S.K.: 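Structure provided below as C-alpha cells; questions to follow.
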Amino acid sequence: MNSYNKSLIILVAAFILVEGLAVWQADFLRCPAWGDERHFIETVRAFGADMGPERIRDYREVTPPLIYMVYALWGHVAGFDSQGLRVLSILFAFVVYVIFHRMLFTLFRNGATALYTTVFLMINPYMLGTSIFVFTDMMTMMFVMIFMWSVFEERPFVTLIAAACALLSRQYIVFMVMAA
C-alpha cells in the first residue's frame, strides 16, 4: 500500500473518531439548535417550503441563497429537524478534509505530513463546531477547497463551477477568485 492510501485510510478513521467524539460531546441527537444555528434552520425550512424566485430574492439572512437551497433539498431527504440537517454538515466536512489531505500530499509527497496537518485542522474547535452544526461555513469551505484543488490541478471548468458555487455561498469569496 502506498503512502497516500495508507495516510487516507488513517485520515478516514481519524475523521470517524473525531466527529464521533464531537457528536457525542455535543449530545447531537438531543441538542437543540445552538447559537446562530436556530435562524439558519428556520431559513432552511422556509426554503424547503418555497424555493421560488420571491424567496430567493427576499429572505432573512445576509449570505447568498445557495447554502439554504442545498440544505433545503437535503431536508426533503433527511428531514428538516436539526439532527437531519446536521448530517449534511458532517458530509461537507468529510469532503473538505479529504481534498485538503490530497492537496497537501500532492504538495509535499509525504503521507505523514498530509495526515498530521489535516488532523490538526480537523481538531480545531472552529472546524469541529462548523462540521457538526448547521452553519453556513462548512459548505463554503468545501467549495473553496474544490476551487483550490481545481486551480492546483489546472481544471478550468471545475474551477469555474467551484468559484460560482463559492460566490453563491459567501460574497466575500470574490477575493479568492481575484487572487487565483
Side-chain angles (χ1 to χ4, degrees), residues 1-29 31 34-37 40 63 66-67 70-71 74 78 82-170 172-180:
M1 181 180 308
N2 66 26
S3 174
Y4 175 74
N5 288 339
K6 184 178 177 182
S7 177
L8 183 61
I9 289 169
I10 296 170
L11 176 70
V12 170
F15 176 81
I16 292 168
L17 176 68
V18 168
E19 291 295 314
L21 287 172
V23 163
W24 172 71
Q25 181 63 32
D27 201 10
F28 188 80
L29 295 176
C31 178
W34 188 76
D36 287 342
E37 188 183 34
F40 291 144
T63 52
L66 182 62
I67 292 170
V70 170
Y71 271 98
W74 175 261
S82 60
Q83 294 81 7
L85 295 173
R86 288 172 181 168
V87 171
L88 187 58
S89 296
I90 294 171
L91 295 174
F92 288 148
F94 181 75
V95 172
V96 166
Y97 299 137
V98 167
I99 294 173
F100 186 71
H101 176 265
R102 178 66 188 181
M103 286 189 333
L104 290 173
F105 183 82
T106 303
L107 282 170
F108 298 111
R109 292 287 176 211
N110 185 312
T113 300
L115 174 65
Y116 296 142
T117 307
T118 305
V119 170
F120 184 74
L121 175 67
M122 192 185 311
I123 63 173
N124 177 297
Y126 171 78
M127 296 299 284
L128 280 172
T130 58
S131 71
I132 64 169
F133 294 112
V134 181
F135 292 129
T136 59
D137 307 71
M138 196 52 72
M139 188 172 131
T140 304
M141 283 186 252
M142 181 185 71
F143 290 131
V144 167
M145 284 292 140
I146 294 169
F147 177 86
M148 290 170 48
W149 170 82
S150 64
V151 168
F152 189 75
E153 294 288 325
E154 298 179 6
R155 300 189 181 224
F157 183 71
V158 177
T159 303
L160 175 69
I161 298 299
C165 291
L167 284 168
L168 289 171
S169 300
R170 291 288 179 111
Y172 60 75
I173 297 298
V174 71
F175 297 109
M176 174 194 72
V177 175
M178 291 186 317

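These values consider heavy atoms only, across backbone and side chains, with no hydrogens, waters or symmetry-generated copies. Nothing here was measured: the structure is a model prediction, and the numbers come from that model.
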S.K.: For the pair His101 and Tyr4, name the ring-plane relationship: parallel under 30°, tilted 30 to 60°, perpendicular over 60°.
M.R.: tilted

S.K.: Any side-chain heavy-atom pair from Thr130 and Phe92 closer than 4.5 angstrom?
M.R.: no

S.K.: Would you sort out whether Trp74 and Val87 count as a side-chain contact (heavy atoms from CB on, under 4.5 Å), showing the intermediate values?
M.R.: CA-CA 9 Å; Trp74 175 261; Val87 171; 3.8 Å; yes

S.K.: Where the side chain of Ser3 meets the backbone of Asn110, is there a donor-acceptor pair that is under 3.5 Å apart?
M.R.: no

S.K.: Using only atom types and a distance under 3.5 Å, with no angle test, would you say the side chain of Ser7 pairs donor to acceptor with the backbone of Gly111?
M.R.: yes

S.K.: Roughly how far apart are Phe105 CZ and Leu115 CG, rounded to 0.5 Å?
M.R.: 11.5 Å

S.K.: Which distance, rounded to the nearest 0.5 Å, do you find between the CZ of Phe135 and the CZ of Arg86?
M.R.: 8.5 Å

S.K.: Testing Val12, Val18, Val119, Leu121 one by one against Tyr97 for a side chain to side chain contact (heavy atoms under 4.5 Å, CB included), which residue passes?
M.R.: Leu121

S.K.: Which atom names give the shortest non-hydrogen contact between Ser82 and Val134, and what distance separates them?
M.R.: O-CG2, 4.3 Å

S.K.: Is the closest side-chain heavy-atom distance between Val158 and Ile146 below 4.5 Å?
M.R.: yes

S.K.: Compare all side-chain heavy atoms of Phe100 with those of Met148 and state whether any distance is below 4.5 angstrom.
M.R.: no

S.K.: Do Asp137 and Arg170 come close enough that some side-chain heavy atom pair is under 4.5 Å?
M.R.: yes

S.K.: Measuring from atom CG of Leu167 to atom OG1 of Thr140, what distance do you get when rounded to the nearest 0.5 angstrom?
M.R.: 10.0 Å

S.K.: Please find the pair of heavy atoms, one from Ser150 and one from Thr159, that lie closest to each other, and give the distance.
M.R.: OG-OG1, 2.8 Å

S.K.: Does Thr117 use its side chain to pair, donor to acceptor, with the backbone of Ala114 at less than 3.5 Å?
M.R.: no

S.K.: Measuring from atom OH of Tyr71 to atom OG of Ser89, what distance do you get when rounded to the nearest 0.5 angstrom?
M.R.: 2.5 Å

S.K.: Checking Ile90 against Phe15 for the side-chain contact (heavy atoms from CB on, under 4.5 Å) test, could you report, in this order, the C-alpha distance in whole Å, the side-chain angles of both residues, the deciding distance, and whether it holds?
M.R.: CA-CA 10 Å; Ile90 294 171; Phe15 176 81; 3.9 Å; yes

S.K.: Should Asp36 and Phe133 be marked as a side-chain contact (heavy atoms from CB on, under 4.5 Å) after you check the CA-CA gap, both sets of side-chain angles, and the distance that decides it?
M.R.: CA-CA 10 Å; Asp36 287 342; Phe133 294 112; over 6 Å; no

S.K.: To the nearest 0.5 Å, how far apart are CG in Leu21 and CG in Leu128?
M.R.: 9.5 Å

S.K.: Roughly how far apart are Thr136 OG1 and Met141 CE, rounded to 0.5 Å?
M.R.: 8.5 Å

S.K.: Does Leu66 reach the side chain of Met139, with side-chain heavy atoms less than 4.5 Å apart?
M.R.: yes

